[in-house]
Structure formats: C-alpha cells, structure tokens
Number of protein chains: 2
Amino acid sequence: MSKSSDAVHAILRQSEGFRSAQDIFTKMRADGAKIGLTTVYRALQSLSDDGRVDMLRTDDGESVYRACESDVHHHHLVCRRCGHTVEVAGPDVERWAEAVGAEYGFTEVTHTVEVFGTCPDCASAAGSR
Amino acid sequence: MSKSSDAVHAILRQSEGFRSAQDIFTKMRADGAKIGLTTVYRALQSLSDDGRVDMLRTDDGESVYRACESDVHHHHLVCRRCGHTVEVAGPDVERWAEAVGAEYGFTEVTHTVEVFGTCPDCASAAGSR
DNA sequence: GCCGATTTTGACAACGGTTTTCATTTTGCC
DNA sequence: GGCAAAATGAAAACCGTTGTCAAAATCGGC
C-alpha cells in the first residue's frame, strides 16, 4: 500500500487545488504511469485515513482530494472557478461549533466548514471577459 | 409541478430531521400515495430551488432534505444517530467567513457549515446500551 | 538466486443514488 | 368534448465509487 500511495500523493503535492480521483487517474495515465483507477481510490482512501490528504465533497457529490500543508485541524477557502485553495485556521469557528453543540446538549461534536468564493485572479479575469 | 411538490413538502414538514429522497418515496408509498421516485426527486429539486427546503449532503454523498423553519440564512446542528436537527443562527460564523474571504481578496464568498454531534437522547440511549 | 506465502495491483463487474428518456396520463383552456 | 401543454412514472442510462478475483509484484527464509 505504499508505492502507489506515494505516487498519488506526489501528484497531489504538485497540484494547486482539489482534484477528483478520476482526474488524478487520468493525469497519472497521461504521465505514463501504469496504474488502475481502483488503486488510485485505494491510495486516496488510505492517505485520507492517515490524514495526509484532505478530502471534501463538492456540491455535486464528487469527492475531491488535496495534499495537506499542515496536519492540524483547518478549513479551506476554495476558489469556485479555478480551485485555488487557501488553508485557513479558524479558532473562532471551532469555538462556535463547540458552543452551539453544548448549548443543545450535543456531545462528540464535529463540524464541516468550507468557504467558497472567487479568487482575485479569477475575479479580474471574469471582469475582462 | 405543484400537487406532488405539495405532498412531498407535507411529508417533510411532518418529519423531524433530514430525510433522503428514497426515504421520502418509501414513506409516501407506504402511506398509499401513488407517486414515482422520479417525481419525488423533481419535487425536491424545485422545492430546493425555491428555498422551501434545505438540502445537504451526508458524508456518504447522499442528498437529504428538510423543510425549513425559517427562511433566513441558517445552519444546522444534526444528530448523527437519529437525524434530529436544530436550526442555529451563527452570526459569528457569517462574519468569520466574510472576513476570511476578504483577507485573501476573495469575492462572492459563500460558505457551508454543518455541525454534527450526538444529541442528549441518543447519548443516554447509547450509554445504557 | 530460488521458492512459497503474503500483499498489492488493476481490469472488470456490481452497486446505489440520481438523472434522463419517453410514452402515457392528467390538467387547463376553449 | 377536444386539443395542446404540462406533469407523471417505469425503466433505462449515468457516473462516481466500491467489490471481486485472478495475476503480478514483494518479501522473507533458505
């Protein structure tokens, strides 16, 4: 479970934003790698389990992955046009989620937070379109 | 696009938490309604478009729906066991998301925030299990 | 290096939720 | 009633993902 995982991880590290499994598979094949789609999924799964990549679901239900830059809990600011991603720490949000959970007596509180927007580059590109 | 939509909406209104499309379909059929799965999906789609129901995706990619109680922007605190849901307003989070977006020059910032936990009832039920 | 045992791999099939298709039914209107 | 437009639903198509299983790579031990 390691050579392929490393290869997949390498692809992610040299990518800017989030990429889908199929996307990664296509790129690796284009690069000449002899890898199967199944293996890509398995690699992504284990990388995700190990916390070495972030995974989130797009609005249309597709899972997308990205190499983490930091291994501490964090969230993402994602450009909805180009996929460019910034990792953001949000201590305020963490506290808020905990507080909300506690207010209603919920335990084992987790949360998902993603912020989407249009990045400066894409905004100016769109403006001149 | 209205009689079926109303029926679906009615089911959602008398439901506690989030329900999946198939779930709704099964229940309606059990109630004796002559409705097709396709129509349920179409109804949910249009209700969602009109902002009359909330829709979110579970971790395993399934879409679930719920009748909104308020039509202003809000988030959800969802019990991961029983699906019981509390609508929560989070002005802090709104501000935070805006601030984060602005910090990196992002425009048209939107955000998705969901908080999951175990509700008091389920926690005690699990404790005595 | 060689051999068997174990793990990893990948082509392909299966799966499950969602969407599309398209023929039929219902609805609205005259 | 009669007709056109909209809604419906059964079944097929879709698509990302997961399971299957036999072939291939890897790892000791000798």
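Chain identifiers are assigned alphabetically (A, B, ...) following the order of the sequence lines, protein sequences preceding nucleic acid strands; residue numbering begins at 1 within each chain.
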Atom of A:F106, atom of B:G117 and distance for their closest heavy-atom approach:
CD2-C, 3.8 Å
Same apolar cluster (I L V M F W Y, side chains within < 4.5 Å links), A:Y104/B:F116:
no
Verdict with reasoning, B:H75 to A:H111, per ring-ring contact (aromatic ring centres under 6.0 Å, His included)
CA-CA 11 Å; B:H75 300 291; A:H111 58 278; over 10 Å; no
note: B:D23, atom CG; C:dT18, atom C1'; distance rounded to Å ~ 16 Å
Given A:Y65, which of A:Q45, A:R19, A:M55 fulfils the side-chain contact (heavy atoms from CB on, under 4.5 Å) condition?
A:M55
Round to a whole Å and report the spacing from CZ of B:F25 to P of C:dT19.
16 Å
So does A:R29 get a side-chain nitrogen or oxygen closer than 4.0 Å to the phosphate oxygens (OP1/OP2) of C:dG10?
no
If I take atom CG in residue B:D6 and atom P in nucleotide D:dA7, what distance separates them, rounded to the nearest angstrom?
13 Å
B:D60 has an atom CG; how far is it from atom C1' of C:dG17, in whole Å?
10 Å
Atom CD1 of B:I35 and atom C1' of D:dA10 are separated, to the nearest Å, by 14 Å
Euclidean distance, atom CG of residue B:L44 to atom P of D:dA7 [Å, nearest integer]:
16 Å
Taking protein heavy atoms under 4.0 Å as touching, what does nucleotides 14-20 of chain D look like 5' to 3' if B marks base contact, S marks sugar-phosphate-only contact and - marks none?
--BBBB-
Report yes if some heavy atom in the side chain of A:I11 is under 4.5 Å from a heavy atom in the side chain of A:D31; otherwise report no.
yes
Mind checking whether B:F25 and B:V64 sit in one hydrophobic cluster, side chains of I, L, V, M, F, W, Y counted as touching below 4.5 Å?
no
Go through the steps to decide whether B:R52 and B:D6 satisfy the test salt bridge (Lys or Arg N to Asp or Glu O under 4.0 Å), and finish with yes or no.
CA-CA 11 Å; B:R52 307 212 296 155; B:D6 289 347; 3.8 Å; yes
State plainly whether one hydrophobic cluster holds both A:F18 and A:I24, where clusters connect Ile, Leu, Val, Met, Phe, Trp and Tyr through side-chain heavy atoms under 4.5 angstrom apart.
no
Figure out the CG/P separation between B:D49 and C:dT19, and round it to whole Å.
11 Å
How many whole angstroms separate atom CG of B:L47 from atom P of D:dA7?
14 Å
Return the polar atom pairs (N/O with N/O) between nucleotides 26-28 of chain D and the protein under 3.5 Å, or none.
unit_1	atom_1	unit_2	atom_2	d
D:dT26	OP1	A:K3	NZ	2.6

Have a look at A:H76 and tell me which of A:L56, A:V86, A:V115 forms a side-chain contact (heavy atoms from CB on, under 4.5 Å) with it.
A:L56
